[in-house]
Structures are given as C-alpha cells and as structure tokens.
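Convention: sequence-line order gives letters A, B, ...; per-chain numbering from 1. Values below: every heavy atom of this structure, side chains too, minus hydrogens, waters and symmetry copies. Note that the structure is a prediction, hence the values are computed from the model and not measured.
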Amino acid sequence: MASLNRKSMFSRRRPFAAALVIAAGLLVTGGGYAAATTAVKAQQDPTVASQSQIDLGHKLFLANCASCHGKNAEGTKNAPTLIGVGAASVDFQVSSGRMPAQASGPQIQAKAAVFNDKEIAAMAAYVASLAPGPAIPTDAMVANNGDLTRGGQLFRTNCAMCHNAAGAGGALTQGKYAPALTDTGAKEMYEAMLTGPQNMPVFNDANLSPKDKKDIITYLVYLQQHPSVGGLSLDNLGPVAEGLFVWVAVLGGIIAITVWLGAKSN
Amino acid sequence: MSNATSTAQKGGFLAGTANYLDERVGVGGILKEFGRKIFPDHWSFMLGEVALYSFLVLLLSGTFLTFFFQPAMTNVIYDGVYGPLKGAEMSIAYKSALDISFEVRGGLLMRELHHWAALLFVAAAGLHMMRVFFTGAFRKPREINWVVGFALFVLAMAGGFTGYSLPDDLLSGNGLRIIDGMIKGLPVIGAYVSSMLFGGEFPGHQIVARLYGLHILLIPAFILIFIVIHLFMVVIHKHTHYSGPGRRDDNVVGYPLMPVYVAKAGGFFFLVFGVLMLVAATVTINPIWLYGGYDPSPVSAGTQPDWYIGWADGALRLAPSHLEVTTGNYTWSWNILLPMIVLILLLVLVAAYPFFEAWVTGDKREHHVLDRPRNAPTRTAIGAAGMTFYAVLWAGASTDLIATHFALSLNHVLTTMQISLIVLPIIAFFITKRVCLSLQRKDREIVLHGRETGRIVRLPHGEYLEIHEPLDEYEMYKLVDFIDHKPDVARPNAQGKITLGARARAALSRFFFEDRVSPVSASELASAHPELDAVEHVETKALV
C-alpha cells in the first residue's frame, strides 16, 4: 500500500506538469494544511504570489540555477531537485549566499547574497509554485519573545552536539562543519531547522514545534545580544582556546618578566 | 641582659622585635643560615617560582570560593539573575557556581582567577620540568627531587581535573563521562571501580561532593607537602648554576637570599599575581552559564578538557577505533586500554629518566653546573622527541577545532595525527641531535678562532686577513666547560663474564655518545690561530 502511494505521489510530481497547474493544486493542499497547523498558514502568502512574480522567479531560475538543478528544477547529478523544497529553502540558501554556489566542495560556503530581496522572493515563489513545501516563516514566528530557558534546554539537547553549547560551531566529518550561530539571523535559523540544509537534519514541526523553534531562536538571539560577562570571550571555543591563551599570552608575558628580572643591571 | 635591652631601645621597634624573637626562638641563627643561602641569577630559574606563586593564588582564591560553593547534587529550580537559566532544573553545585558568578560580589573574578591560576600553575610547572630536563639539573644528587617534582606535576593535573568537574555544568559532566568510560574500559575491575566512585550508575548523586573533598583537602595537602619537600631539597642540594669563571660543582655563585632574593622573589610574586588578576578581570574562562547544568543526554561539540588533560583526551581520540576484541562474553576495549597504557608508560618514562641516564653514563659524580642543552645532544634529542610525542597527543584533543579553523577535513586531521604520533618524534630526535652537534661545532670554531668581526686588514706583504676577535673569559667558559662523555665498552665483571646488562649498557652508551663533539682542550686552544695568542692567559678548565 505504502509503496503504491509513494509511486502515485511521484507521478503526480513529474516535472512535466505546468507550473500553473501545480500552483493551483498547491492552493488546495495548502488550504487543507492550514486547518491543521498555523505554520502552514503562512505558506499561503508566497504561494499566492502573483503570476508575474513567479515568472520573474522562473527567469532568474533559468539563468542562475538551472545549469545544476535542471531546467525544470528536476535535479541533475550535480545538484538535487528543488521540487518540493519550498520557499523557505530557497530563501535560506540564496539570502545566506550559499546559492548560487561558488564552488563544489565538502560544504557550500555562505557568502554575501548575490540577489536582492525582490529577486530572492521571486525565486522562492517560483520554487514554491512547483510543489508544496515549507514556507518562509513570518516575522511573528521568528520574534525573540519565546521562552528563553526552554530555548536553551532545547538548543543543548537538539543542536549543541554539532553547533556547540555556546553556538560557536563545530566540526563534522570529511571537511563538513556546523557553522557558528553568532551572526545568524533569526529567520535564517528558523528556515535552517525547517529545511535541514546540507548536513543539517530536518527539524520538522512534529519534531520541534513552531513554538520550540521560536524558543530556540529566542535563546540564540539572547546570546548574540549579550556579550560575555566574563570579559573577552575567546570566541567561546572552550578549554582549547583558554589553554592556547594561557601558554602564549599569560606564560609568555610572565617569561618576559622573568627575563627582565634576571637581566644583569647595566 | 641589660646590654641587649639597650641595643633594642637604640635600634627602635624593628630591632626590638628582632631581638625579642632571637632570644626566644633563635631566629637570628635561622636567618643567618637561611639568609646567606646563595641563589644564582637566571631567568629560567624562576619558572618553578611561577608555579609556586600560582599555587599561592590558587589557595587564596580557592578559599574564597569555598565560602560560597555547595558541593551537592540535589535538584533545585534556578531562580537567580541569569535569564536564560531561570526556572531550569539543576544541581545545587551548579546553582551555587552560578551564584558565585553572578551574585557574589567579586565572585566571578575569583572564579576566573582560580581557573586561570590553575592553568598557569600546571603550565609553569611543565615548563620548569622542561628546563630541569634540558639542563641536566636532574643529575646526581637531584634525582629524587626530580621524582618529587614529577609527583607534583601529576598532583597538579589531579587537582585541576577534580576542580574542572565541580561546577556540574555540561562541559564538566561530559568530561566526567569520559573518565567513567575509561574506568569502565578496565578489564574485570572497571565496572566495580566506576560504581564505587560514582556511588552507583553514572552520574549518581555523589561524585561532586567526593571530588570536592579531594579537591580542597587531600590534593592540596599533598601538593603542599611535596612543595615543602621539593624546596627543602633545593636548600639541601643548593641551587645549580650555569658554567662560568669560578663556577664549579662544589660551589654556588649568586646573590644571598637576604636581602636580594627576598626582595626579588617577593616582587615577582606580586607580578605573577598581578598578571593573573589582569587576565581574570579581562578574559573569560569556563563560562559555565553558557553550558547549562549537567544532563547526561546532550553532548556539546568542542567538548575538551583543560589543557593539561588534553594529552589524555588526545590519546583517546587518536586510538584506532576498531580494536575491540571479544573473548567469551567479555569485550576487551583496546581502543581505551591502549591509550591508557601509552599514557602511563609516558609518565613512567618521565619519572625514571634520571635513573636511566645515570645508569647509561655510569656517572656517580655530583653535578651542580648545568649543561647547555646542545652539550648533551642525545638527551636533548630524547627530550625533543618526548615533547613532540606529548604535543601530538595534546593537539589530538583539538582535532575538531583544527579542522574547522584551518578549513580541513576532520578525518584527514585525525589520520595525519595518528601518523605524526609515530613519525614526528623520530624526526624530532634526529633533527635535534644534528642541530645540537652543529651548534657544538660552531662553538668550537668560535673558541678556536674567535668571532668574525668583518674587518678586513691588508698586511704589509699584501695578504688580506679578516680580524677575529677573541672571546672574553666569561664567554669562553660557557663554550668550553662541559662534560665530555665517551661511549663505554662492555667490560667483564669480577667473574670475568660480560653480562647481558653490561652489553645493553654499552649499546646504550654508544647510542648516547657515539656522535659527539669534544670541548676544546687547553692544548688545542694554545696551538690555535696566532691571533689568539693575546688571550692565552684565559684559564681553560682542565677537562676530564
């Protein structure tokens, strides 16, 4: 049964269907979702984007993305399909500068965004029009007025093993890494949790509810806004940075003093 | 009696007090004996002092912390001032550590001072050990003091680790979990030892209180006792000195303790204290509030121990992970046992080195004049190899940060370090030995021909010469005064037999002293370049 279902799902997702037809279908499905969760409600805004915006997005897509992701976003051996990834994914990847990718490698690097907000919104609308997917969160969803303490606990349990308890980032296998979250915007955090870019797992709404996500964002934004109370933070890298500091700066300085004390007076 | 009273009155309060003490506890005799102790002047002789002063700072700041720290693991709800933890469940230990950081006046400064002083304590002790090693200060009669110093270093690590584990935050809990894993990896006794230590299954409710007892009572008491023994032996042996005119194995050249060193050392204490205070006030260490209370489920990326335990963490990380062997229903975790064996072996080698070298050289003389590292090439090379081995283990604890900060693959970093752990010490040994020998040859050259001045002189018959400036007495001493060991051959014992031990000793002696550069002898110096005739009066020490 399950396999049959999946098969029919795939056939429905064939890229041959016209973008417009899928957009119409999406409206119906989106409406269904909206009744269940408030999160999906927000999805309607980008999906009901005007046809002209979708057309602009399509043009931009063909010019900048299609060489790797395929003319119909069906994916190639160099890049995954974008059908069903949703507007949130496009917004995350393009506004953080990860897409268009500069070079292939273990991990696509973030850089200054190549497109402006209007263009990013258009591309997001186009990709969202292909198939239903996670939508860009609203400002209210990423506001930092959640539960701070709960956010910290959720962060340590779900995120710290890769991103470090202080959000300083960490290494993954084979040259991949979890970036530091010290400069990451709130919307970007939400989209990353929702879409699981690159090596990050997807934390969907059943896994971490929109409230959980908001709490985590509240905690991270708190850390960003409050500098270390103990003085220089040494990037919150922990004992390795502290050890380096004590050997180089502290012991180095003290050796300079010993040399001064041990010097023969002239 | 009346005489003494009158002197006291004449000298004022200070003399009066001195006299009072002298008449009752004989402080004059003690001061006369102690105050005339001579210490030689050299910056490298102050590294042990840095460790001592850091320890004093640790005692002071640690005492302050005990006023406020509560080593209990009972659950409480945090209601302090730090927003992101308000309402969180945590242990009393962690809560009191947070309160020290945020609510006790000066508490955070004291916590940071204590932690920075701990890092400096072990670092200065380690550097002091290296100085003692590379200058051969561990030779007879100081072998036992080397072992005492070694014990201090191990105790310092133990003191540091027990302290690191006290705040019961996520980082320290992760560290304890690793120790628990290591203990459980021990065959047969592992599970029992872990259960006894933690009072049941990890983490239990006992460990913080137990470590606290060790941290504030037993370990500092032992450190104090060993420091007393260590310094007492320095007084008995007298301090070593570097070679120079008039400096021999039967004297010490320097300044007296009173008043020169009392002033210098007193001032130096406050300098070390000041540097630590400055760092504690301006640089964060162990921001426990970011880590949250300990909870066995989360493990943070970048979980590392303080630097002095790094080599142990590195050993665990570098061990190949597929070394588990199952016999019957028991698993031998060689991926844990192997690094533990390596760590213990390295410690044993460090402790035993003075005895090993004494056996190889067969040298039973007392040594109070230090070696320059280049003049003991094989020892220096062994030290360099050991340091490299340690350094690779140490760096092994930060494979993840090396990978992220130098944009490398974690796996490549790990593999490179695994290879480096074996290969780099060998390379370090040979490079160091060659560098030492080359430096010795350069010294010979300078002694025999003086320093090049760059002044070219044309002689009346047309020959050009570069003037070489002869060395002064002090420099000359430094370059020629060292012990020249020659390789020993295996000799038959009283029964006329060459024992296996004698053969091994001969082989090691060859390994140590086969490549050597002899110091310049008096006759060589006399027959050296005529430009040096003028300085023939330099007394070159007769060399054995």
Name the region of [X], side chain, backbone, both or neither, that has any atom closer than 4.5 Å to a heavy atom of chain B.
X	value
A:Asp147	neither
A:Gln153	side chain
A:Leu237	both

Residue [X] versus chain A: region with a heavy atom under 4.5 Å:
X	result
B:Gln304	both
B:Val279	side chain
B:Leu47	side chain
B:Leu401	side chain
B:Leu108	side chain
B:Ala123	both
B:Leu171	side chain

Only pairs of heavy atoms separated by less than 4.5 Å count here; which of A:Pro106, A:Ala160, A:Gly262 has the most with chain B?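 Most pairs with chain B among the choices: A:Ala160.
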Using a cut-off of under 4.5 Å for heavy-atom pairs, which of A:Ala166, A:Gly152, A:Ala165 has the most such pairs with chain B? A:Ala165
Matching residue for B:Val272 among A:Ile257, A:Ile254, A:Thr258, A:Val250 - test: side chain to side chain contact (heavy atoms under 4.5 Å, CB included):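 Among A:Ile257, A:Ile254, A:Thr258, A:Val250, the one that satisfies the side chain to side chain contact (heavy atoms under 4.5 Å, CB included) with B:Val272 is A:Ile254.
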Side chain to side chain, A:Val229 and B:Phe102, heavy atoms closer than 4.5 Å: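 With C-beta onward as the side chain, the pair touches.
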Solution key, residues 238-249 of chain A side-chain donor-acceptor pairs under 3.5 Å, sequence neighbours excluded:
{"from": "A:Glu242", "atom 1": "OE2", "to": "B:Asn286", "atom 2": "N", "distance (Å)": "2.8"}

Name the atoms and distances for all side-chain donor-acceptor pairs under 3.5 Å in residues 80-88 of chain B, with sequence neighbours left out.
{"from": "B:Lys86", "atom 1": "NZ", "to": "B:Gly80", "atom 2": "O", "distance (Å)": "2.7"}

Side chains of B:Thr284 and A:Ser233 only: does a donor on one sit below 3.5 Å from an acceptor on the other? no
Pair A:Leu172, B:Leu410 - check side-chain contact (heavy atoms from CB on, under 4.5 Å), show working. CA-CA 7 Å; A:Leu172 304 173; B:Leu410 179 65; over 6 Å; no
